[in-house]
Amino acid sequence: MIPFEEARNRILARVAPLGGERVPIFAAAGRVLAEEVRAPADMPSWDNSAMDGYAVRSGDCAGPAALKLTGYRAAGDAADPKVTPGCAVKIMTGSPIPEGCDAVVPFEETEESGGFVRIRAAVKPRAHIRFRGEDVKAGDRVIPAGTVLRPPEISMLASFGKAFVPVYRKARVALLSTGDELVELGEPLSPGKIVNSNTVSLAAAIEEAGAAPVLLGIAVDDKECLRGKIREGLAADALVTSAGVSAGDRDFVREVLAELSVEEVFWKVDIKPGRPTAFGMKDGKPVFSLPGNPVSSLVTFEVFVRPALLKMMGHPEPQKRLVKAVLKEPIRKKAGKAHFFRVRVAVEEGEYAAWMSGDQNTGILRTMVLANGIAVLPAERTDFKAGEKIDVCLLYQSATPN
Ligand code: AMP
Ligand code: MG
């Protein structure tokens, strides 16, 4: 058995970023840029007005002044009426500064009547002008490869006229549930049968990580059936199976993976929940065998699968950073394994605070539903006191406390 940090390191050492693809910019949010993008031109591309007001020659306005209005320039206008001494042009935000002008006076500081504009106070040169290239200069390396595209990057790429952007490919993740007791959602249940909820929960987790689930359905605990489905799954970028990986006499997943020459990198990790997790590689593709328990499968997905998928999709920091939270109640656990406790995290007086979300038994899904974090309690420790700071992994964006 190995510690989970080592297990995760082995996984991350084995998976590599997938290739790139070009996607429409409308589909690029959250994707990782695969190639550096440089500014194709100065932004803004010309000196323009930062305010609605009047473009003037500052030399005419050493103090209060009355200037003759000789033009009007709306945003989007291209005409360039030259402004001669003693004159001004009405100008809207974003319009190019007319030739001859070197400042803009906002409406609020003027009065207009009878074809003249009265300026109340002295105007400094360069006032209220956005200068060509002051945002970015042509050739600037504005967005490095490996950047996760957020609305600000999307905004900049769009302003460069990029309708398509080069991003890392989405990982296609095959998902296989195994077990004789499973029935697909919507099919009638009979005594002893349960809904295959892992396919649904893990598909959601895969999507939440930005990858694309490929549903293989259920394989019964039969080697022939498993072989067929696993072979199918190996065509994807990664394969995630659930259940059938413990030491039960119908747990055939590892055996079948070995038959299909999937190299087993590890089996069994010093953690609770999730101990029987296995990980293997086949032709550069990762194969995760998660335990069947719905809580264990989600926790091990978070700890092992999510970082691997993020690395494959080009994320520069595939491992979620843990936060420190003040433990609000004492916790006791056995020594020997790291424990992942389901916790409720909130912000108290500017610090994260964490409470157990309830019963930590692996069979209790309710407390996973109540949790928005997983406390990572080190293997060697047993007693955690109220008031001490513990490491917590915040789960899922929508559950992050403010
Ligand atoms: P196993 O890993 O096969 O020993 O399964 C552990 C527990 O998880 C058992 O109670 C299974 O019934 C349950 N389980 C296994 N697969 C699924 C699944 N796809 N959806 C929901 N529960 C499952
Ligand atoms: Mg089973």
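Numbering of residues begins at 1 and proceeds along the displayed sequence. As the structure is a computational prediction, the values presented were derived from the model and not from experiment. Counting starts at 1 for both ligands and their atoms, in listed order.
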**Student:** For E181, take its heavy atoms, then give the atoms of ligand 1 lying under 4.0 Å from any of them.
**Tutor:**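 The atoms of ligand 1 under 4.0 Å from a heavy atom of E181 are 11 (C), 12 (O), 15 (C).
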**Student:** I need the nearest protein heavy-atom contact for atom 4 (O) of ligand 1: residue, atom name and distance, please.
**Tutor:**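 Sorting protein heavy atoms by distance from atom 4 (O) of ligand 1 puts S246 OG, 4.2 Å first.
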**Student:** I'd like to check which ligand 1 atoms, numbered from 1 as shown, lie under 4.0 Å from a non-hydrogen atom of N293.
**Tutor:**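 Taking each heavy atom of N293 in turn, ligand 1 has 6 (C), 7 (C), 8 (O) under 4.0 Å.
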**Student:** Output yes when the distance from some N or O of ligand 1 to some N or O of V245 is under 3.5 Å, and no in every other case.
**Tutor:** no
**Student:** Could you tell me which atoms of ligand 1, counted from 1 in the order shown, lie closer than 4.0 angstrom to a heavy atom of P294?
**Tutor:** 21 (C), 22 (N)
**Student:** Going by atom types alone, do R342 and S357 pair a side-chain donor with an acceptor below 3.5 Å?
**Tutor:**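 No pair is found: no donor N or O on one side chain lies under 3.5 Å from an acceptor on the other.
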**Student:** Atom CZ of residue position R250 - does it have more than 12 heavy atoms of other residues, nucleotides or ligands inside 6.0 Å?
**Tutor:** yes
**Student:** Should you measure from each heavy atom of S177, which atoms of ligand 1 turn up under 4.0 Å away?
**Tutor:**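 Under 4.0 Å from S177, ligand 1 has these atoms: 19 (N).
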**Student:** Around atom 19 (N) of ligand 1, find the nearest protein heavy atom and jot down its residue, atom name and distance.
**Tutor:** N196 OD1, 2.9 Å
**Student:** Taking only Lys NZ, Arg NE, NH1 and NH2, and the carboxylate oxygens of Asp or Glu, determine whether R14 and E263 approach each other closer than 4.0 Å.
**Tutor:** yes
**Student:** Not counting sequence neighbours, which residues clear ring pair (Phe, Tyr, Trp, His ring centres under 6.0 Å) with F301? List them please.
**Tutor:**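 If we apply the ring pair (Phe, Tyr, Trp, His ring centres under 6.0 Å) test to F301, skipping adjacent residues, there are no hits.
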**Student:** Whether E21 and K170 form a salt bridge (side-chain N of Lys/Arg under 4.0 Å from carboxylate O of Asp/Glu) is what I want to check.
**Tutor:**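 The answer is no: the pair does not qualify as a salt bridge.
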**Student:** What protein heavy atom lies closest to atom 14 (N) of ligand 1? Include the residue and the distance to one decimal.
**Tutor:**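 For atom 14 (N) of ligand 1, the nearest protein heavy atom is G292 O, 3.2 Å.
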**Student:** Just distances here: any N/O of T199 and N/O of ligand 1 closer than 3.5 Å?
**Tutor:** no
**Student:** Checking side-chain polar atoms at under 3.5 Å, does Y54 have a donor or acceptor matched by the opposite partner on E112?
**Tutor:**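 Side-chain D/A pair, Y54 to E112: present.
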**Student:** Using a 4.0 Å cut-off to any heavy atom of S197, which atoms of ligand 1 qualify?
**Tutor:** 20 (N), 21 (C)
**Student:** If you take all heavy atoms of A39 and K137, which pair is closest and at what distance?
**Tutor:** CB-O, 3.5 Å
**Student:** Do any nitrogen or oxygen atoms of I194 come within less than 3.5 Å of a nitrogen or oxygen of ligand 1?
**Tutor:**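 N/O-N/O distance below 3.5 Å does not exist for this pair.
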**Student:** Is there a heavy atom in G244 that sits closer than 4.0 Å to ligand 1?
**Tutor:** yes
**Student:** May I ask which of A243, P291, G179, G192 has a heavy atom nearer to atom 1 (P) of ligand 1 than the others do?
**Tutor:**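 Selected option, by shortest heavy-atom distance: A243.
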**Student:** With atoms numbered from 1 as shown, which atoms in ligand 1 lie under 4.0 angstrom from a non-hydrogen atom of V195?
**Tutor:**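 Counting atoms of ligand 1 from 1, those under 4.0 Å from V195 are 20 (N), 21 (C).
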**Student:** According to the salt bridge (Lys or Arg N to Asp or Glu O under 4.0 Å) rule, which pairs have a member within residues 235-245, sequence neighbours left out?
**Tutor:**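 Applying salt bridge (Lys or Arg N to Asp or Glu O under 4.0 Å) to every pair that reaches into residues 235-245, excluding sequence neighbours, yields R169-D237.
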**Student:** How close does the nearest protein non-hydrogen atom get to atom 17 (C) of ligand 1, and which residue and atom is it?
**Tutor:**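 Ranked first by proximity to atom 17 (C) of ligand 1 is N198 ND2, 3.3 Å.
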**Student:** Does K272 have more than 12 heavy atoms from other residues, nucleotides or ligands lying within 6.0 Å of its NZ?
**Tutor:**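 At most 12 heavy atoms, drawn from other residues, nucleotides or ligands, come within 6.0 Å of this atom.
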**Student:** Nearest 0.5 Å please: distance from the CG atom of N198 over to the CG atom of L182.
**Tutor:** 7.5 Å
